[in-house]
Amino acid sequence: VLARFMNQVVPVVLLAPLTELKPTYADSQRRNKIDDYVLSTLKKLGLPSSPPADDHTFARRAFLDLTGQLPSPEQLDSFATDPSPTKRDELVSDLLASEPFVDLWTYRLATLLRIRTQPKDQVGAFTFHQWLRQQVKQSTPYDEVARRLLTAEGDTHEVGPANFYRVVGGARNQAEYVSELLMGARMRCANCHDHPLDRWTQDDYHGLAALFAKVEQGRIVRLGNRGAVSHPRTGLAARPKIPGEDFVDSASDPRKLLAAWITAADNPYFAKAIVNRLWRMLMGRGLIEPTDDVRSTNPPSHPELLDFLAEDFAAHGYDLRHTLRLIAS
């Protein structure tokens, strides 16, 4: 239920049991805290928990989700006959350390980043992809990847992350791309008017676009001396602004301020946006759907679980493999 007053929108979430059943959960397996949060919601809704997957099903699922490949019959039989009580954790760790994992998750992140060739230029996309693959291979923290993308400049044929500024054209499109990718927020709705279902205002939208106004998006990406975004309400140049925060000085490179804000430990969007996507890639549906529409009026199916995953992700150095291991286990 949404309660509205002027420009304020507050959601009220009501839960009702789906059945009259009173299932018990004493026999439900709890491998880590994820199970506790899921079982808590099932209990509120009166739904029984699903039984554990058998070894063949688990192995097939782990191989497909973590490497994009099917296990061989020999691998399945070997796993099923292994008596070790820790074999599932060991399988997940082995898959996370494999080259097929690097290939699959480079592809998945490349899709998220929208890496594609430019007209008459395939070198930039190849350089971007090779850089991204190296980050996945060496487990570069995700916050560091984000900072490198946001502050990148140089020859796009030589500097992979500089191609981040050639994915879309124009400062406004860049603002929408960044907010959807790194915040999971659809700020495009605040272009012509304040967002009707979220906190974002026209000042937020055009202020974010103004942060990218001086970025030259040719083969050589650099911060120029000129460039502005007009504010449709005033007709004047929009002042650079961190979304939901203060206006910033445009004399220096404001992208560095944006990168510091987005990747700060207390940022309410960054960690949630990526762990929600990781959950969707493994489970088929995000805790928030669509995954690029994170807002108070589109609450998660399991709020405490999403908070836990985001906090745990940040506490473990924004390590993608750590969170994937946690979910897969």
Side-chain angles (χ1 to χ4, degrees), residues 106 109-183 185 187-188 204-230 237-243 245-264 267 269-270 273-274 318 320:
T106 299
L109 293 178
T111 302
L112 186 61
L113 287 167
R114 308 180 201 174
I115 296 179
R116 57 180 180 268
T117 58
Q118 299 296 322
K120 300 180 181 180
D121 182 3
Q122 297 183 356
V123 178
F126 177 79
T127 305
F128 196 3
H129 184 275
Q130 290 299 102
W131 174 83
L132 181 62
R133 190 181 193 283
Q134 186 62 27
Q135 309 317 301
V136 175
K137 186 177 181 65
Q138 64 191 27
S139 288
T140 301
Y142 187 67
D143 61 330
E144 179 61 26
V145 171
R147 281 191 292 270
R148 292 180 186 177
L149 292 172
L150 287 169
T151 61
E153 54 187 339
D155 187 338
T156 55
H157 287 191
E158 300 175 3
V159 182
N163 290 277
F164 181 70
Y165 285 98
R166 301 188 73 194
V167 172
V168 297
R172 289 187 178 88
N173 289 334
Q174 190 71 31
E176 294 174 6
Y177 172 50
V178 167
S179 63
E180 291 172 11
L181 173 69
L182 298 178
M183 296 169 58
M187 289 189 62
R188 66 180 70 179
D204 289 321
Y205 176 90
H206 296 285
L208 178 59
L211 293 173
F212 305 112
K214 294 181 179 179
V215 177
E216 298 177 1
Q217 296 177 296
R219 172 178 163 176
I220 307 298
V221 172
R222 58 189 163 211
L223 194 68
N225 297 320
R226 304 172 63 183
V229 172
S230 61
R239 295 173 59 192
K241 185 178 187 293
I242 302 295
E245 304 292 330
D246 298 326
F247 293 98
V248 299
D249 182 12
S250 61
S252 58
D253 187 348
R255 298 176 305 161
K256 294 180 180 179
L257 299 176
L258 176 65
W261 174 77
I262 281 184
T263 59
N267 184 284
Y269 305 101
F270 178 68
I274 185 60
Y318 300 91
L320 295 175

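Residue indices begin at 1 and follow the sequence shown.
Remark: Arg148 engages Glu144 in a salt bridge, criterion side-chain N to carboxylate O under 4.0 Å. Using a 4.0 Å cut-off between charged side-chain N and carboxylate O, Arg222 and Glu216 make a salt bridge.
With a 4.5 Å cut-off on side-chain heavy atoms, Ile242 and Pro254 do not count as touching. Side-chain contact between Phe212 and Leu258: present, with at least one pair of heavy atoms (C-beta onward) separated by less than 4.5 Å. Between Glu153 and Val159, the closest side-chain pair of non-hydrogen atoms is not below 4.5 Å.
Side chain of Gln118 to main chain of Arg166: a donor-acceptor pair is present (N/O by atom type, distance under 3.5 Å, no hydrogens or angles). No donor-acceptor pair closer than 3.5 Å links the side chain of Asp143 to the backbone N or O of Thr263.
Residues Tyr205 and Glu176 bring a donor and an acceptor atom of their side chains to less than 3.5 Å of each other.
The minimum heavy-atom distance between Met183 and Ala273, with the atom names listed, is C-CB, 3.7 Å. Looking at every heavy atom in both residues, His206 comes nearest to Val229 through ND1-CG1, 4.1 Å. Considering all non-hydrogen atoms of both residues, Ala125 and Ile115 come closest at O-CG2, 3.8 Å. Shown here for Ala210 and Ala238, the closest heavy-atom pair between the two residues is CB-O, 3.6 Å. Here the closest heavy-atom approach between residue Gly154 and residue Ala162 is recorded as O-CB, 3.9 Å. Scanning all heavy atoms of the two residues, the minimum distance from Val248 to Lys241 falls at CG2-N, 4.3 Å.
Note that the CG atom of Leu113 and the CG atom of Leu182 stand 8.0 Å from one another [nearest 0.5 Å]. Summarising the geometry, atom OG belonging to Ser179 is positioned 11.0 Å from atom OH belonging to Tyr269; distances are rounded to the nearest 0.5 Å. Between the OG1 atom of Thr156 and the CG atom of Asn163 there is a distance of 4.5 Å, given to the nearest 0.5 Å. The CG atom of Leu132 lies 5.5 Å from the CG atom of Leu109; values are rounded to the nearest 0.5 Å. Atom-to-atom distance recorded for Met187:CE and Asp204:CG is 5.0 Å, nearest 0.5 angstrom. Put simply, CG on Leu150 and CZ on Arg255 are 8.5 Å apart, with the number rounded to the nearest 0.5 Å.
Residue-environment remark: OH (Tyr177) exceeds the threshold of 12 foreign heavy atoms within 6.0 Å. Atom CD of Gln122 has 12 or fewer neighbouring heavy atoms from other residues, nucleotides or ligands inside a 6.0 Å radius.
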### Message
Go through it in stages, so that I can follow the logic: the residues are Leu149 and Phe128, the test is side chain to side chain contact (heavy atoms under 4.5 Å, CB included), and I'd like the CA-CA distance, side-chain angles, deciding distance and then a yes or no.
### Response
CA-CA 10 Å; Leu149 292 172; Phe128 196 3; 3.8 Å; yes
### Query
For Arg114 and Val168, what are the C-alpha separation, side-chain angles and deciding distance, and is it a side chain to side chain contact (heavy atoms under 4.5 Å, CB included)?
CA-CA 9 Å; Arg114 308 180 201 174; Val168 297; 4.1 Å; yes
### Message
Test side chain to side chain contact (heavy atoms under 4.5 Å, CB included) on Asp155 and Arg219; report intermediate values, then the result.
### Response
CA-CA 6 Å; Asp155 187 338; Arg219 172 178 163 176; 3.0 Å; yes
### Task
Walk me through it: do Leu320 and Ile274 pass the test side chain to side chain contact (heavy atoms under 4.5 Å, CB included)?
CA-CA 9 Å; Leu320 295 175; Ile274 185 60; 4.0 Å; yes
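Under the side-chain contact (heavy atoms from CB on, under 4.5 Å) criterion, Lys137 pairs with Glu99, Val102, Arg133, Gln134, not counting sequence neighbours. With sequence neighbours left out, the side-chain contact (heavy atoms from CB on, under 4.5 Å) criterion links Gln217 to Tyr165, Gln174, Val215.
Aromatic ring pairs are classed by plane angle as parallel below 30°, tilted from 30° to 60° and perpendicular above 60°; the pair Tyr318 and Phe270 is tilted.
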